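Below you'll find the structure, written out as C-alpha cells, and then a few comments.
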Amino acid sequence: MRPRQDPLSGTGTLRPIPSAFFDRPTATVARALLGQWIVAGPRGAPRIARLVETEAYVARDRANHAFRGPTPRNRTMFGPPGRWYVYRIHQVHCANVVTRPGEAVLLRAAEGISPGLGPLNGPGRLARAFGLTREEDGRSATRAAVRLVLAPPPPERVVVGPRIGIRHGARRRLRYALHGVAAVSRPRPPGWARVVT
DNA sequence: TCATTGATTTGCT
DNA sequence: GCAAATCAATGAT
C-alpha cells in the first residue's frame, strides 16, 4: 500500500476526519470544527479556508429545520452523520454538517488560507466560495470534492454566544467562534460572547 | 393551488 | 439601524 498522497505539500498533519467525529453531541461538534479546514477542488491546487464560526441546531429546537420531522428538504438531516445538509434561503445557500439524527452544525464563517480567498464572513458567502449548493446535499462532508479536514490545530480561545438571524431559539447560546478573529460574521462589541476555552 | 416565511445579504438613511 | 430583494419550502385551503 503506497502512502497516502498529501493533498497539500508541507502540511503533513492534514488528514481526513473520522466519521465518529460527527457522532457526538452537536454543540461539541460545532466547537470542535472551529479551526478545521474546508477544502475544495483538485488535489494539486485546492481551495482552502479555516472555519472560524459555527452554530449548533439541536433536538427540540424551534429554529432547527428538522424540528417538525423529515421533509423533502431536510431528509439528509435524518441520515448518517458527516454528510452535507445544504439548503437555500432567499437567494443564497447555507451549508451544514449532519451530526446525530435531526441535528446539524451550520458553517457560518471561515477565513481564506488559499491566496486570494478573503474573509468568508457569513454562511452565504462561505457556501458560495466552495460551490456548496443543493447539488452537494447528502454527499459526504469528509470524502467528497468539497470536504472538511482536520487541520494542524493552533490552540485558540473559543467564544460562545447566542445564535443570530433566527426568530425562535435565538437566546440559546449555541454560536461558537474563534476569539478575536476578524472573519467572524456580524461581529459584536466586546462581551457579546463568553470565552470558554 | 395559495399565502406565508425565512439559519441572508446588500444598500440606503 | 432598517427595509428590500426574491424564491423555494412548507403548511394551509
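Naming: A, B, ... by sequence-line order, numbering from 1 per chain. Bear in mind the structure is a predicted one, so any value in this text is a computation, not a measurement.
- Contact annotation for A:Glu55: no contact, since no heavy-atom pair falls under 4.0 Å across all strands.
- OP1 or OP2 of C:dA9 has not a single side-chain nitrogen or oxygen of A:Thr71 nearer than 4.0 Å.
- For A:Arg73, whose side chain is taken as the heavy atoms from C-beta onward, the closest listed nucleotide among C:dT6, C:dT10, B:dA7 is C:dT10.
- A:Arg163 comes within 4.0 angstrom of nothing in the nucleic acid, heavy atoms only.
- Counting only distance, with no hydrogens or angles, the side chain of A:Trp84 and the backbone of A:Val146 share a donor-acceptor pair below 3.5 Å.
- Look at CZ on A:Arg128: it is 9 Å from P on B:dT9, rounded to the nearest Å.
- We find that CG of A:Leu120 is positioned 11 Å from P of B:dT9, with the value rounded to whole Å.
- A cation-pi arrangement is absent between A:Arg83 and A:Tyr85, since the terminal nitrogen or guanidinium carbon is not both under 6.0 Å from the aromatic centre and inside a 45° cone about the axis.
- Atom pair A:Arg171:CZ and B:dA7:C1' shows a separation of 18 Å (rounding to whole Å applied).
- Not a single donor-acceptor pair, N or O on each side, falls under 3.5 Å between the base of C:dA8 and the side chain of A:Tyr87.
- With its ring centre under 5.5 Å from that of the base six-membered ring and a plane angle below 30°, A:Tyr57 counts as stacked on B:dA7.
- For A:Asn64 (side chain) and A:Val58 (main-chain N/O), a donor-acceptor pair under 3.5 Å exists by modelled atom type.
- In this structure, A:Pro123 and A:His168 both approach DNA chain B, and ranking their closest nucleotides by distance from the 5' end singles out A:His168.
- A:Arg75 places its CZ atom 11 Å from the P atom of C:dA9, with the value rounded to the nearest Å.
- Contact annotation: side chain of A:His65 to base of B:dA7, donor-acceptor pair present below 3.5 Å.
- When both pairing distances are held under 3.5 Å, B:dA7 makes no Watson-Crick or G-U pair with any nucleotide shown.
- Annotation: of the two residues near DNA chain C, A:His90 and A:Arg134, the 5′-most nearest-nucleotide partner is A:His90.
- Of the candidate nucleotides C:dA5, B:dG6, C:dA9, C:dA5 has the atom lying nearest to any side-chain atom of A:Gln91.
- Of the possible donor and acceptor atoms, none in the side chain of A:Arg108 sits under 3.5 Å from a partner among the backbone N and O of A:Glu53.
- Under the 3.5 Å distance criterion, the side-chain polar atoms of A:Asp137 are matched with a main-chain donor or acceptor of A:Val86.
- Atom CG of A:Asn121 and atom P of B:dT8 are 13 Å apart (whole Å).
- Using modelled atom types, no side-chain atom of A:Glu111 and backbone atom of A:Ala182 make a donor-acceptor pair closer than 3.5 Å.
- Across the protein-nucleic acid pair, A:Arg88 atom CZ and C:dA9 atom C1' stand 11 Å apart, rounded to whole Å.
- In this structure, the CZ atom of A:Arg186 is 8 Å from the P atom of B:dT9, given to the nearest Å.
- Computed from coordinates, the A:Arg62 CZ to B:dA7 P distance equals 12 Å when rounded to whole Å.
- At B:dA7, none of the side-chain N or O atoms of A:Arg108 fall inside 4.0 Å of OP1 or OP2 (strictly under the cut-off).
- Side-chain atoms of A:Val92 lie closest to B:dT8 of the nucleotides B:dG6, B:dT8, B:dA7.
- In this structure, B:dT1 and C:dA12 make a Watson-Crick or G-U wobble pair, each of the two defining distances being under 3.5 angstrom.
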